[in-house]
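Heads up: the structure comes next, in structure tokens.
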Amino acid sequence: MLSPKVETALNQQIKMEGSSSNFYLSMAVWAEQNGYAGVSEFLYKHSDEERFHMLKLIKYMNERDGNVVIPSFEQPKSDFSRVTELFEELYSHETAVTRSIGELVGVCLDEKDFTTHNFLQWYVSEQLEEEALAKTIMDKIKLMGDDQSAWYHFDRDIANLTVTSAADSAQTN
Ligand code: OFO
């Protein structure tokens, strides 16, 4: 059984993950409409990953006989001034998700729910990788500045970048 506080916090995280998925989907659409095929592919995949994070929480709550609430989502922002703005938003969104997972872990400890705490360790490490990836992308963007040829290569290469691939290459470097 989940305590009411843990149940509420898990449902809030379900909303957070679903909102992330929609936000990145909206970014992917903008990128595709504006000629950034690689960036859009990366964002479509990222959107799918966030949906997977949401589903994993839903399945866990069902396993624990919790009361899952599928929330309504606010319409995500759909207009961006330039591709740099997408990644600024993505980075800031990921840091907000990191805080939200930290709070959720805190609730589990307060409630002495060590099973959920254990389950959430996957999210803690996944989130660490996602935030690091977003930061790496921001660093690259700063280095590229207005260099159009660098942007061409960035758009080509980012299509193959995922959290998992970034973590693998960090391990082999
Ligand atoms: Fe769900 O990990 Fe990013 O937001």
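It should be emphasised that the depicted structure is a prediction, and the values quoted were computed from it without experimental measurement. Only this structure's heavy atoms are used, side chains among them; waters, hydrogens and symmetry mates stay out. Note that ligands are numbered from 1 as they come in the structure, with each ligand's atoms numbered from 1 the same way. Note that the numbering runs from 1 along the sequence shown for the chain.
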*Just wondering, do L86 and Y36 contact through their side chains at under 4.5 Å, heavy atoms?*
no

*Any idea how W122 and F52 line up, ring-wise: parallel (<30°), tilted (30 to 60°), or perpendicular (>60°)?*
perpendicular

*Look at E85 together with K77 and state whether they make a salt bridge at an N to O cut-off of under 4.0 Å.*
yes

*Should you measure from each heavy atom of E94, which atoms of ligand 1 turn up under 4.0 Å away?*
2 (O), 3 (Fe), 4 (O)

_To check you understand the geometry: which heavy-atom pair defines the closest contact between D155 and V39, and what is its length?_
OD1-N, 2.8 Å

*Relative to atom 1 (Fe) of ligand 1, how many protein N, O or S atoms have a separation of less than 2.8 Å?*
3

*What heavy-atom pair brings E94 and E131 nearest, and what distance separates the two atoms?*
O-OE1, 4.2 Å

*Salt bridge check: are K140 and D157 linked by an N-O gap of less than 4.0 Å?*
no

